Amino acid sequence: MVEIKERLRQALAAAAQKARQAGDLTVETLPEVVIEEPKERAHGDLATNLAMILTRLEKKNPRLVAETILRHLDLTGTFVAGADIAGPGFINFRLDPAWMGEAVRQALQAGEGYGRSAVGEGQRVLVEFVSANPTGPLLVVQARSAALGDALCNLLDGAGFRPQREFYCNDAGNQLSKLALTMEVRLRQLLGESVELPEEAYPGEYVIDLAREVMEGKAPEIPDGKAILDQPEEIRRDRLGTYAVRRTTDEQKAVLARYGVRFDQWVSERSIRDEGWPEKVVSLLKERGHTYEAEGAVWFRSTAFGDDKDRVLVRGDGTFTYVVPDIAYHLNKFERGFDQVIDILGPDHYGYIARMRAALAALGKPAERFEVLISQWIRLVRSGEAVSSSKRAGNLFLLEDLLEDVGPDAARFFVLMRSADTHMDFDLDLAKLQSQENPVFYVQYAHARIASILRQPEAEPLKGDLTAANFSLLTDPSEQELIRHLATFPEVVAGAALAREPHRVARYATDLAAFFHGFYTRCRVLTDDQALSQARLALAEATRLTLHNALAVLGVSAPERM
RNA sequence: GCGCCCGUAGCUCAGCUGGAUAGAGCGUUUGACUACGAAUCAAAAGGUCACAGGUUCGAAUCCUGUCGGGCGCGCCA
């Protein structure tokens, strides 16, 4: 389909050129020609609004312009059989039926590679996502950002980019101090001391479990859970905090793996600090003259780069504010040579974007290559009412709970169906009780149905070389609709990758499944007519492949049986 | 107060960067299994695209304003 559009685009450009030479048109440079599939089948297979765009420049009636273009249009070699003018001035095209077979053949030949394209030109893209603090288990909100980041990387890969998945672990600074403090207090409580949990500590039960492990001597790094408390504060806090971070991170990795998300790289804030990146950031900003001192602190003049206020980098006591390691980490990303850097963040980190851009620009990095996708909240709904989920109240809904309830396939498909920037409701009752109604089953069922057809004994002798089938026998409207939709898959993948919108693929898969079910109901695949059966089997197999590939992008399984 | 996201069918959401009669799922109503999987299909009902202006051949989409919901705006991270 991409190829056909490209050829048609060239033919149209040539026609405009000829029209100009003949004095029928006056435009020097042709505007970008948009060719799309009309929603209404009655409007042909492809349509362009070229004439209506030219109307403004030519100051002529759009239908007249369309006629002029058609008069000079040469369609040989374009797979387009005919064209006519409709509505306000659309030019509608009918495709040569031979093209249909070509589309199916291409899908079959490409196999698991069907849908891939090269629009990304091998650019390296770093995608950072989830990056939850190592202070507790992953929550249900991460279900969205984890699936989003992972699917985006699949998409980028399919579109010819080279993505890398990265998780940033805040295992230093205040986060760590608080966690270490909590560990110590919990450990003391377990050992019978009467200590209150301080206000700034983490209230979750989870830390108690970790403290118990230490007490019972199950932590390899801390052989004696009681003796650790006799160590100086600096040492005991460090040991307890480090242990808690390691255990938490391991748990997070395990849950993510169950969810089908695997990171290429885990970067720790501690290593960024140890390598001296924060100091480097401050000195670079100083050198470049973007800092000043006031009220005993060192400030970054971020307002000079579009931020709404200046930021403190170094406090009066000489410690860094959180922005410094964050900037340092992003500087590090750029120094690793990526063409594009994408962060997926929650809406609460919105304020982060302007200052990060400002910092990158101040450091002489191409800030326009830094992109932030906001993954909006999931609002949990149970029995028609919002479920509050706050860390402080200890009322948590965990990612692992979600996986337990609905499984990874439904969870991923459900969150990926919606665009990332809409506030979505996740109805727990519906997901749990009516999981059969979840759209993911609709798509998977189509895949399993096709697999079932292919398992039939009658299919056996036909399966040899499906690309050799006689596709001109596929004349039913449901067959043609299915083929048309099949043919757009590579464009959908490329478009979704460029727009960073994986939900388009979920939509596509649902539509494709619907077209297949419609075809299946109308047309029997395996009949007495061998040639027809083979053509239909080929179409079914091409559909199965495409469903499989689309689900693979989403990270959802494509079962042969259900 | 300033900034960002959102407002489309009873509910949850699409709408392909401005196109032709605004779509899907769930729910409601009606119909379809003696051949490949009925977890399916066919059909019906359901809309002031929050509201008001503007831009133009053409607006759910772009601009301005208003209303409503969510979230940010710390020498917390």
Side-chain angles (χ1 to χ4, degrees), chain A residues 34 36-40 42-43 47-49 51-53 55-56 61-62 86-90 92 133 135 170 173-175 178 200 269 295-299 308-309 311-317 319-323 325-326 346-354 374 376-377 379 381 384 414 417-427 430 434 436-439 441-442 444-446 448-459 478 488 491-492 495-496 498-499 501 503-504 506-508 510-511 513-514 516-527 533 536-537 540 561-562:
Chain A
V34 176
E36 56 185 4
E37 292 101 55
K39 275 179 283 189
E40 286 292 320
H43 296 140
T48 181
N49 61 350
M52 290 184 292
I53 302 280
T55 289
R56 209 165 308 165
N61 180 312
F90 287 100
N92 294 336
N133 290 327
T135 54
N170 291 96
N174 243 343
Q175 301 283 341
K178 280 197 209 168
E200 68 270 26
E269 178 177 345
E295 301 163 49
V298 179
W299 295 70
D308 53 1
K309 59 186 70 163
R311 307 288 165 178
V312 171
L313 296 176
V314 186
R315 300 185 184 99
D317 65 3
T319 58
F320 296 128
T321 60
Y322 75 94
V323 292
D326 277 351
D348 53 335
H349 283 74
Y350 168 74
Y352 187 94
I353 304 171
I374 297 292
Q376 282 290 348
W377 297 137
R379 182 165 159 269
V381 177
F414 200 89
M417 274 183 71
R418 271 78 167 182
S419 78
D421 57 6
T422 110
H423 309 249
M424 77 174 263
D425 279 10
F426 200 115
D427 190 323
L430 198 76
Q434 302 189 18
Q436 303 269 319
E437 306 300 327
N438 193 305
F441 290 96
Y442 183 80
Q444 290 181 321
Y445 179 62
R449 228 181 185 184
I450 299 170
S452 166
I453 299 172
L454 290 157
R455 282 195 298 269
Q456 301 301 312
E458 301 93 301
S478 66
T488 61
E491 285 171 87
V492 170
L498 293 172
E501 292 185 344
H503 76 275
R504 293 192 196 180
R507 199 84 202 164
Y508 174 83
T510 308
D511 289 343
F516 176 76
H517 288 310
F519 154 73
Y520 179 88
T521 304
R522 282 178 59 100
C523 303
R524 199 184 152 74
V525 176
L526 301 170
T527 66
S533 298
R536 286 183 173 164
L537 203 60
R561 298 170 204 269
M562 301 173 63

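Computed from heavy atoms alone, side chains included, the values below leave out hydrogens, waters and symmetry copies. Naming convention: chains lettered A, B, ... in sequence-line order (proteins, then strands); numbering from 1 in each chain. This one's a predicted model, so the numbers in the text were calculated from it and none came from an experiment.
- A donor and an acceptor atom never sit less than 3.5 Å apart when one is taken from the side chain of A/Asp308 and the other from the base of B/G3.
- Considering only heavy atoms from C-beta on, A/Ile353 comes within 4.5 Å of A/Ile374 through its side chain.
- Distance A/Asp421 CG to B/G7 C1': 13 Å, rounded to the nearest Å.
- Within 4.0 Å of A/Arg561, counting heavy atoms only, lies at least one base atom of the nucleic acid.
- Within the 4.0 Å cut-off from OP1 or OP2 of B/A14, at least one side-chain nitrogen or oxygen of A/Ser419 is found.
- For the pair A/Arg315 (side chain) and A/Phe320 (backbone), a donor-acceptor distance under 3.5 Å is present.
- The A/Arg507 side chain lies nearest to B/A14 when the options are B/A14, B/C41, B/A20.
- Residue A/Ala496 is classed as having no contact, given no heavy-atom separation below 4.0 Å to the nucleic acid.
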Show each protein N/O and nucleotides 75-77 of chain B N/O combination with a separation under 3.5 Å, one pair to a line.
from  : atom 1 : to       : atom 2 : distance (Å)
B/C75 : O3'    : A/Arg315 : NE     : 3.2
B/C75 : N4     : A/Glu295 : O      : 2.9
B/C76 : OP2    : A/Arg315 : NE     : 3.0
B/A77 : OP1    : A/Asn174 : ND2    : 3.4
B/A77 : OP1    : A/Arg315 : NH2    : 3.0
B/A77 : OP2    : A/Arg315 : NH2    : 3.3
B/A77 : OP2    : A/Tyr322 : N      : 3.3
B/A77 : O2'    : A/Gln175 : NE2    : 2.5
B/A77 : N6     : A/Tyr322 : OH     : 2.5

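- Of the candidates B/G74, B/U40, B/C71, B/U40 carries the atom nearest the A/Arg449 side chain, counting heavy atoms from C-beta on.
- Between the C1' atoms of B/A52 and B/C13, the separation comes to 27 Å (whole Å).
- Remark: the A/Asn49 side chain and the B/A20 base include no donor-acceptor N/O pair separated by less than 3.5 Å.
- Taking atom C1' on both nucleotides, B/U28 is separated from B/A60 by 26 Å, rounded to a whole Å.
- When distances run from any side-chain atom of A/His503 to the nucleotides B/C71, B/A14, B/C13, the shortest one goes to B/A14.
- A donor-acceptor pair under 3.5 Å links the side-chain atoms of A/Arg536 to the main chain of A/Arg524, judged by distance alone.
- A donor-acceptor pair under 3.5 Å is formed between the side chain of A/Thr321 and the backbone N or O of A/Val312.
- Across B/C6 and B/C63, the matching P atoms stand 11 Å from one another, rounded to whole Å.
- In terms of modelled atom types and a separation under 3.5 Å, the side chain of A/Asn92 and the main chain of A/His43 share a donor-acceptor contact.
- For the P atoms, the distance linking B/G25 with B/A45 amounts to 15 Å, nearest Å.
- A/Met417 has its CE atom 14 Å from the P atom of B/U12, to the nearest Å.
- A stacking contact between A/Trp377 and B/C71 is absent: the pair does not combine a ring-centre distance of less than 5.5 Å to the base's six-membered ring with planes differing by less than 30°.
- Residue contacts shown for A/His43 include a base, since a base heavy atom lies under 4.0 Å away.
- Picking from B/U12, B/U40, B/C36 the nucleotide with the shortest atom distance to the side chain of A/His517 gives B/U40.
- Counting only distance, with no hydrogens or angles, the side chain of A/Ser452 and the backbone of A/Ala448 share no donor-acceptor pair below 3.5 Å.
- Helical stems in RNA chain B, defined as runs of 3 or more consecutive Watson-Crick or G-U wobble pairs with both donor-acceptor distances under 3.5 Å, are listed by first residue as B:1-7 with B:67-73, B:10-13 with B:23-26, B:28-32 with B:40-44, B:50-54 with B:62-66.
- Closest of all the heavy-atom pairs between A/His503 and A/Met417 is CB-O, 3.6 Å.
- Taking both residues in full, the closest heavy atoms of A/Thr135 and A/Gln175 are given as CG2-OE1, 3.9 Å, listed atom of the first, atom of the second, then distance.
- The shortest distance between the side-chain N/O atoms of A/Ser452 and the OP1/OP2 oxygens of B/G37 is below 4.0 Å.
- Between B/G15 and B/U8, the distance separating the two C1' atoms is 9 Å to the nearest Å.
- The minimum heavy-atom distance between A/Ala513 and A/Ala446, with the atom names listed, is CB-CB, 3.8 Å.
- Judged by the 6.0 Å and 45° rule, A/Arg449 forms no cation-pi pair with A/Phe516.
- Positionally, the nearest nucleotide of RNA chain B for A/Thr48 lies more toward the 5' end than for the other of A/Thr48 and A/Thr510.
- Looking at the side chain of A/Leu526, the nearest of the listed nucleotides B/G19, B/C13, B/C36 is B/C36.
- Among the protein residues, A/Met424 comes within range of the sugar-phosphate backbone only, with heavy atoms under 4.0 Å from sugar or phosphate atoms but none that close to a base.
- The side chain of A/Tyr520 has B/C36 as its nearest neighbour among B/C13, B/U40, B/C36.
- Both A/Phe519 and A/Thr422 sit near RNA chain B, but only A/Thr422 has its closest nucleotide nearer the 5' end.
- In this structure, A/Gln456 reaches the B/G37 phosphate: one of its side-chain N or O atoms is under 4.0 Å from OP1 or OP2.
- For B/U17, the base is syn relative to its sugar; the glycosidic angle is within 90° of 0.
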